Amino acid sequence: MTTTVLKEPARETSPGAVREPRRRTGRIRRLSLPYLLLLPALLLELLVHLVPMAIGIVMSFKQLTQFYIRDWGTAPWSGLDNYRVSVDFDAPVGKALLQSFATTVGFTLLSVGLCWLIGTAAAVFMQDTFRGRGLLRALFLVPYALPVYAAVITWVFMFQHDNGLVNHVLHDQLHLTDKPSFWLIGDNSFYALLTVSVWKGWPFAFLIVTAGLQNIPRELYEAAALDGAGMWQRIRRITLPSLRPVNQVLVLVLFLWTFNDFNTPYVLFGKAAPEAADLISVHIYQSSFVTWNFGTGSAMSVLLLLFLLVVTGGYLLLTSRGRRTADA
């Protein structure tokens with residue numbers, strides 16, 4: 001007896017059906033590749049910034065002093081006591097923090113304004129073609145390219161009372177002062193810090209504004225010149241309005257950098273900054289690592305973070321609203 005086995009007919013697979021999953025897989029790989037490449041940087045950012053930030057927030061709620069420095073996790077909880085001490089402006093700690101905050105605000109406004117003004121003026125001046133423009137541009141960027149510590153230490157020697165270059169020029173050569181001045185102590189320390197900050201920061205503004213000027217068509221200046229517009233009118237009517245988006249980002253970045261600057265005052269004055277140049281970054285450092293009150297110092301850092309977040313959010317809100325109004 002013969003048994004007949006019936007075979008199921010083979011299904012015909014179209015080439016398009018095979019190609020479709022392959023296309024989908026390749027599309028997924030292409031879309032996920034940028035995120036995979038960014039993953040190491042994101043993890044490093046998490047370890048370097050976010051994790052210490054979270055630890056600092058936890059420390060701000062603890063009574064963390066030198067007695068618990070070996071095992072800070074065992075420090076007792078203090079709740080909002082560190083914040084109350086920091087914002088009690090009638091007490092010595094709060095009064096000193098408020099004075100440091102006012103000094104930092106004044107210093108930041110002056111430094112950012114001068115950096116923007118000098119950088120913009122230099123960028124506009126360098127728009128014209130002349131011999132040696134490339135060399136001059138490179139020299140303008142030297143303060144920004146130098147390491148912070150090397151540049152500030154050089155200024156420390158220049159601000160020396162007896163043999164510093166600043167007193168030699170102002171007192172010995174130009175005779176602008178009656179006697180050599182102390183630049184690293186007293187009220188003059190504020191002007192010394194402002195000078196170093198502006199010298200170090202204006203090349204960044206020059207670089208950003210120069211890049212923004214490349215996007216302004218030269219035909220606008222030529223048409224304005226044919227209409228009889230002078231240099232100041234061209235700057236006011238063409239250059240500044242065209243640079244508004246660039247300037248909005250530039251001012252915000254300069255403000256955040258200057259307000260948080262710790263390296264410049266620390267290298268210039270050391271651990272104990274003069275009262276006239278007591279920026280809030282150095283003040284928080286002294287409250288934490290000099291008086292060994294890490295709980296209060298962490299609370300001050302959190303308050304500083306909240307202030308910068310509020311200022312940044314308000315600034316972005318105002319600039320975006322102004323941009324929408326201008327576009328309308």
Side-chain angles (χ1 to χ4, degrees), residues 107-160 164-174 176 183 191-226 228-258 261 263-265 267-268:
F107 165 77
T108 303
L109 293 178
L110 288 175
S111 179
V112 172
L114 290 174
C115 287
W116 177 84
L117 181 62
I118 298 174
T120 302
V124 172
F125 171 74
M126 297 297 291
Q127 282 298 102
D128 296 332
T129 304
F130 56 89
R131 180 176 296 180
R133 185 179 67 166
L135 177 61
L136 199 58
R137 279 181 174 177
L139 292 177
F140 281 174
L141 295 177
V142 167
Y144 180 69
L146 283 176
V148 176
Y149 287 91
V152 178
I153 288 175
T154 303
W155 277 101
V156 171
F157 287 107
M158 294 173 61
F159 281 128
Q160 292 297 319
L165 180 62
V166 176
N167 279 335
H168 176 69
V169 173
L170 296 179
H171 177 70
D172 298 336
Q173 293 186 346
L174 300 179
L176 297 178
W183 292 101
Y191 303 105
L193 179 61
L194 181 63
T195 301
V196 178
S197 178
V198 172
W199 177 84
K200 186 170 58 71
W202 78 265
F204 177 75
F206 163 75
L207 184 65
I208 299 302
V209 174
T210 300
L213 289 174
Q214 308 305 315
N215 296 323
I216 303 178
R218 303 298 301 177
E219 292 79 7
L220 296 178
Y221 293 102
E222 295 174 358
L226 292 176
M231 181 184 66
W232 295 111
Q233 290 180 332
R234 292 197 297 268
I235 293 176
R236 181 183 176 185
R237 301 295 184 181
I238 299 176
T239 304
L240 293 181
S242 301
L243 289 176
R244 185 178 292 120
V246 176
N247 285 329
Q248 289 174 354
V249 178
L250 174 62
V251 169
L252 179 60
V253 172
L254 287 176
F255 175 82
L256 295 176
W257 283 359
T258 307
D261 190 12
N263 295 328
T264 302
V267 178
L268 197 61

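All values reported here derive from a predicted model rather than from experimental measurement.
Counting heavy atoms of neighbouring residues, nucleotides and ligands inside a 6.0 Å radius, atom CZ of R236 does not exceed 12 of them.
Using a 30° and 60° split on the angle between ring planes, W202 and F140 fall in the perpendicular class, above 60°.
Residue L250 forms a side chain to side chain contact (heavy atoms under 4.5 Å, CB included) with just one option from L243, L207, V209, and that option is V209. Screening L213, N215, I208, V251 against V246 for a side chain to side chain contact (heavy atoms under 4.5 Å, CB included) leaves a single residue, I208.
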In a table with atom names and distances, give each donor-acceptor pair under 3.5 Å that connects a side chain of residues 145-155 to protein atoms at least two apart or in another chain.
| from | atom 1 | to | atom 2 | distance (Å) |
| --- | --- | --- | --- | --- |
| Y149 | OH | N263 | OD1 | 3.4 |
| T154 | OG1 | A150 | O | 2.8 |

Solution key, residues 118-127 side-chain donor-acceptor pairs under 3.5 Å, sequence neighbours excluded:
| from | atom 1 | to | atom 2 | distance (Å) |
| --- | --- | --- | --- | --- |
| T120 | OG1 | W116 | O | 2.7 |
| T120 | OG1 | W116 | NE1 | 3.4 |
| Q127 | OE1 | Q214 | NE2 | 3.4 |

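Scanning both residues, P203 and Y144, for their nearest heavy atoms gives CB-CB, 3.6 Å. Minimum heavy-atom separation, C115 to L254: CB-CD1, 4.2 Å. The minimum heavy-atom distance between W199 and P143, with the atom names listed, is O-CB, 3.2 Å. Annotation for T258 and S197: closest pair CG2-OG, 4.2 Å, computed over non-hydrogen atoms. A pairwise comparison of heavy atoms in T264 and V196 identifies CG2-CG1, 3.8 Å as the closest pair. Taking both residues in full, the closest heavy atoms of I235 and P241 are given as O-CD, 4.2 Å, listed atom of the first, atom of the second, then distance.
Using a 4.5 Å heavy-atom cutoff, the side chains of T195 and M158 are not in contact. Side-chain contact between L165 and F157 is absent, with no heavy-atom pair separated by less than 4.5 Å.
To the nearest 0.5 Å, the span separating CG on L109 from CG on L114 amounts to 10.5 Å. Here CG of L268 is found 6.0 Å from CG of L193. Values are rounded to the nearest 0.5 Å.
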Given F206 and L141, is the side-chain contact (heavy atoms from CB on, under 4.5 Å) satisfied, shown in steps?
CA-CA 8 Å; F206 163 75; L141 295 177; 3.9 Å; yes
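In summary, the side chains of H168 and D172 do present a donor paired with an acceptor at a separation below 3.5 Å, with no hydrogens or angles considered.
You'll find the ring centres of Y191 and W183 outside the 6.0 Å limit.
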